[in-house]
Colleague: 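There's a structure below that I have some questions on.
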Amino acid sequence: MNTAANDVRPEDDKVLSGFIECDRELIAAARKIRVLKAIDWPVELEGSFLQGYERGNPILPQPPVRHPDLSSEMAALKAIMAKLDRGHPIGDWLFKTAWSYVTAARMLMNIGTDEFTRCSTALYGRPDMIHPGQTASSVEAAQDVLDISDDLIGREALPPVPADIPADVFAERLRERLGPFFDKDKVDVVLNPDLPSKATAGSKSINLRSTALFSELDLDQLTEHEAFVHTATALNGKHQPYFKSLGLGAPRTTRAQEGLATFSEIITGSIDLARLRRVALRVIMVKRALDGADFIDVFRGFLDAGQTAVESYRSASRIFRGGDVRGRICFTKDSAYLQGVMIIYIFIRKVLQEGRAEMLPLLFAGRVTTTDVINLSPYLQSGLIARAVYVPPWARNPQRILSLMAFFTAANRFRLDTLDLDCFVNYENELLDEQLQAGWH
């Protein structure tokens with residue numbers, strides 16, 4: 001059944017009012033299914049592991065294993081799924097969102113087992129998966145990023161980025177950026193000494209680890225990635241008039257969300273080469289972990305790639321959260337970032353190429369996938385789906401994006417492997433010689 005998108009009065013339409021009720025039920029059922037909170041490692045594990053490493057005797061970490069009972073939430077979500085008509089675009093979207101929470105709940109109830117990895121790959125993919133219509137996997141793209149960056153500058157020549165800004169000072173500077181953008185909501189910056197990651201984002205706050213030091217680059221990256229994408233899309237979803245679950249961080253939206261956030265860093269010039277390499281390295285290390293590398297092997301892989309011991313521990317722990325430090329069972333979310341950014345890049349190019357620029361802001365209307373954007377865009381006209389309240393500056397001007405994409409696509413025609421710096425001198429001299437021989441004095 002497909003209700004005419006431009007003729008919708010939800011309060012008078014039995015099908016749509018049923019979807020709206022399912023949306024409310026979905027939010028209630030999904031509230032306890034919080035993936036990262038369930039699998040994050042205690043902060044104190046870092047110190048004990050690094051002490052062993054410094055003594056030359058690293059020992060596999062032993063994170064606590066928790067198996068939350070989410071059976072009642074799974075039952076509630078399956079009941080919602082049974083009521084939804086997948087022949088309707090909104091019914092199909094709600095069904096897939098509920099399914100992703102069921103899968104996440106099953107994953108968390110099977111922490112440390114093969115089922116954990118099976119669910120993780122269903123939600124976030126594998127690094128060796130090839131997206132439909134493409135010929136390369138994420139791990140191949142990741143290796144390309146590392147090889148190209150080595151060719152451009154070489155890992156040894158990367159200057160270190162000084163991280164010397166205390167968290168409290170950094171927080172105040174970040175608040176100055178957030179205030180003018182989030183003019184209809186209060187978004188705070190909260191310091192937390194026990195935060196496993198350096199920074200996380202929610203709809204009400206950006207959270208920073210109070211013991212961390214930050215760099216100038218961090219300010220631009222966190223603004224574009226965490227605030228202007230993750231926080232903005234969560235708030236835009238909550239501002240939706242009918243379907244508030246668009247504000248949920250449904251696991252199925254992770255690839256698109258992280259891809260969009262990373263693309264935002266790239267398109268605004270906020271990303272640096274070291275961070276791009278970290279994103280690529282994580283993809284490769286997820287593949288190694290799936291192939292049987294244990295935590296220490298993966299930790300040393302990050303070390304060999306140029307990361308510090310602290311960075312290497314934190315990168316490795318991201319991969320083994322909820323898994324088995326002996327290998328093969330791991331959390332594959334980090335493989336979604338690079339695949340996600342490639343999907344977003346291709347999607348934006350196709351949207352603009354086909355003259356559908358009005359779709360671009362819908363990427364920010366909530367936590368959505370590219371498929372959601374296509375299927376839900378007809379409902380913008382009727383107001384069933386509202387336009388995004390908060391859209392990053394770069395996404396408001398399609399011409400800017402088109403110009404950058406056109407340039408870089410054209411630039412890809414030129415080869416670097418056949419050139420060295422002497423070629424530029426020789427080329428100019430040859431041109432001058434030709435002109436002199438032709439009588440141009």
Side-chain angles (χ1 to χ4, degrees), residues 1-35 69-109 115 118-125 132 203 233-234 236-257 343 359 362-388:
M1 176 180 177
N2 282 286
T3 303
N6 60 354
D7 228 5
V8 173
R9 283 180 55 84
E11 61 275 22
D12 298 333
D13 187 291
K14 185 177 180 180
V15 173
L16 290 176
S17 62
F19 288 155
I20 293 169
E21 181 58 31
C22 285
D23 180 82
R24 293 174 185 150
E25 293 173 4
L26 197 161
I27 292 171
R31 189 172 290 123
K32 288 186 179 180
I33 304 172
R34 302 178 64 183
V35 172
D69 183 4
L70 299 168
S71 52
S72 60
E73 286 76 16
M74 289 177 67
L77 289 162
K78 288 178 179 178
I80 295 168
M81 293 164 66
K83 293 189 289 186
L84 291 166
D85 175 12
R86 294 197 66 190
H88 191 292
I90 292 176
D92 187 53
W93 159 66
L94 286 170
F95 182 95
K96 289 187 287 190
T97 298
W99 168 85
S100 75
Y101 275 108
V102 169
T103 305
R106 182 177 290 115
M107 178 177 74
L108 296 179
M109 291 175 67
E115 183 70 1
R118 191 185 74 81
C119 293
S120 177
T121 56
L123 292 171
Y124 310 113
S203 61
T233 53
N236 288 336
K238 291 186 176 183
H239 280 297
Q240 287 290 331
Y242 300 108
F243 295 104
K244 304 291 186 182
S245 66
L246 279 166
L248 294 175
R252 61 180 287 269
T253 67
T254 298
R255 235 174 305 199
Q257 267 287 301
I343 291 170
M359 278 190 175
L362 190 53
L363 278 169
F364 299 92
R367 298 287 179 88
V368 294
T369 68
T370 51
T371 299
D372 296 338
V373 171
I374 296 167
N375 291 339
L376 298 180
S377 60
Y379 298 96
L380 281 170
Q381 186 178 348
S382 68
L384 189 65
I385 303 294
R387 298 185 183 278

Colleague: Please list, chain by chain and in numerical order, all residues satisfying side-chain contact (heavy atoms from CB on, under 4.5 Å) with Ala76, sequence neighbours excluded.
Modeller: Ala29
Colleague: Any side-chain heavy atom of Phe243 within less than 4.5 Å of one from Ile27?
Modeller: no
Colleague: Return the set of residues passing side-chain hydrogen bond (donor to acceptor under 3.5 Å, both in side chains) with Ser245 (not counting sequence neighbours), or none when no residue passes.
Modeller: Asp23
Colleague: If I compare all heavy atoms of Phe19 with all of Leu94, which pair ends up nearest, and what's the gap?
Modeller: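 Heavy atoms only, the tightest pair is O-CD1, 3.6 Å.
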Colleague: Output all residues satisfying salt bridge (Lys or Arg N to Asp or Glu O under 4.0 Å) with Lys83, sequence neighbours left out; order by chain, then residue number.
Modeller: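 Only Glu25 meet the salt bridge (Lys or Arg N to Asp or Glu O under 4.0 Å) criterion with Lys83.
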Colleague: To the nearest 0.5 Å, how far apart are CG in Leu384 and OH in Tyr379?
Modeller: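 With rounding to 0.5 Å, CG (Leu384) is 7.5 Å from OH (Tyr379).
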Colleague: In chain order, what residues pass the side-chain contact (heavy atoms from CB on, under 4.5 Å) check against Glu73, with sequence neighbours excluded?
Modeller: Lys32, Ile33, Leu70
Colleague: What's the shortest heavy-atom distance between Glu115 and Arg106, and which atoms?
Modeller: OE2-CD, 3.1 Å
Colleague: Tell me the closest heavy-atom pair linking Met359 and Val373, and the distance in Å.
Modeller: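 For Met359 versus Val373, the nearest heavy atoms are O-CG1, 3.7 Å.
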Colleague: With sequence neighbours left out, what residues match Arg367 under side-chain hydrogen bond (donor to acceptor under 3.5 Å, both in side chains)?
Modeller: Thr233, Gln257
Colleague: Does the side chain of Leu248 reach to within under 4.5 Å of the side chain of Tyr101, using non-hydrogen atoms?
Modeller: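 Yes - at least one pair of side-chain heavy atoms lies under 4.5 Å apart.
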Colleague: If every non-hydrogen atom of Ile20 is compared with every non-hydrogen atom of Tyr242, which pair is closest and at what distance?
Modeller: CD1-CD2, 3.8 Å
Colleague: Taking only residues two or more places apart in sequence or in another chain, which ones pass salt bridge (Lys or Arg N to Asp or Glu O under 4.0 Å) with Asp92?
Modeller: Arg86, Lys96
Colleague: Sequence neighbours excluded, which residues qualify as side-chain contact (heavy atoms from CB on, under 4.5 Å) partners of Ser72?
Modeller: none
Colleague: Holding to side-chain hydrogen bond (donor to acceptor under 3.5 Å, both in side chains), I want the full list of residues that pass it with Ser100, two or more places apart in sequence or in another chain.
Modeller: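 If we apply the side-chain hydrogen bond (donor to acceptor under 3.5 Å, both in side chains) test to Ser100, skipping adjacent residues, there are no hits.
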Colleague: On a heavy-atom basis, which atom in Trp99 and which in Ala122 lie closest, and how many Å separate them?
Modeller: CH2-O, 4.0 Å
Colleague: By salt bridge (Lys or Arg N to Asp or Glu O under 4.0 Å), which residues pair with Arg34, not counting sequence neighbours?
Modeller: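 Per chain and number, Arg34 pairs via salt bridge (Lys or Arg N to Asp or Glu O under 4.0 Å) with no residue.
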Colleague: Between CG of Asp85 and SG of Cys22, what distance do you get to the nearest 0.5 Å?
Modeller: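 Spacing of CG (Asp85) from SG (Cys22) equals 11.0 Å.
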Colleague: Please report the C-alpha distance between Ile90 and Leu16 in whole Å, then the side-chain angles of each, then the deciding distance to 0.1 Å, and finally whether the side-chain contact (heavy atoms from CB on, under 4.5 Å) criterion is met.
Modeller: CA-CA 8 Å; Ile90 292 176; Leu16 290 176; 4.1 Å; yes
Colleague: About how many Å separate CG of Leu362 and CG of Leu376, when rounded to the nearest 0.5 Å?
Modeller: 6.5 Å
Colleague: Answer whether the closest heavy-atom distance between the side chains of Met107 and Thr103 falls below 4.5 Å.
Modeller: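 Of all side-chain heavy-atom pairs linking Thr103 with Met107, none is under 4.5 Å.
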Colleague: Is Leu26 close to Leu77 at the side-chain level, that is, under 4.5 Å between some pair of heavy atoms?
Modeller: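 Side chain of Leu77 against side chain of Leu26, heavy atoms only: contact under 4.5 Å found.
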Colleague: Identify the two heavy atoms, one from Ser71 and one from Met109, that lie closest to each other, and give their separation to 0.1 Å.
Modeller: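 Looking at all heavy atoms of both residues, the shortest contact is N-SD, 3.9 Å.
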Colleague: Taking the side chain as everything from C-beta on, heavy atoms only, tell me whether Asn236 gets closer than 4.5 Å to Leu246.
Modeller: no
Colleague: Report the residues that fulfil side-chain contact (heavy atoms from CB on, under 4.5 Å) with Ser203, sequence neighbours left out, ordered by chain and then residue number.
Modeller: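 So Ser203 forms a side-chain contact (heavy atoms from CB on, under 4.5 Å) with Ala234, Leu235, Lys238.
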Colleague: With heavy-atom distances below 4.5 Å as the criterion, would you say the side chains of Thr371 and Trp93 are in contact?
Modeller: no
Colleague: Look up atom CG in Leu108 and atom OG in Ser120, then write down how far apart they are to the nearest 0.5 Å.
Modeller: 10.0 Å
Colleague: How would you list, by chain and number, every residue that makes a side-chain hydrogen bond (donor to acceptor under 3.5 Å, both in side chains) with Arg31, sequence neighbours excluded?
Modeller: none
Colleague: Nearest 0.5 Å, what's the CD-CD1 distance between Glu21 and Ile80?
Modeller: 9.0 Å
Colleague: Taking atom CG of Leu363 and atom OG1 of Thr369, what is their separation to the nearest 0.5 Å?
Modeller: 9.5 Å
Colleague: In chain order, what residues pass the salt bridge (Lys or Arg N to Asp or Glu O under 4.0 Å) check against Arg252, with sequence neighbours excluded?
Modeller: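 Per chain and number, Arg252 pairs via salt bridge (Lys or Arg N to Asp or Glu O under 4.0 Å) with Asp372.
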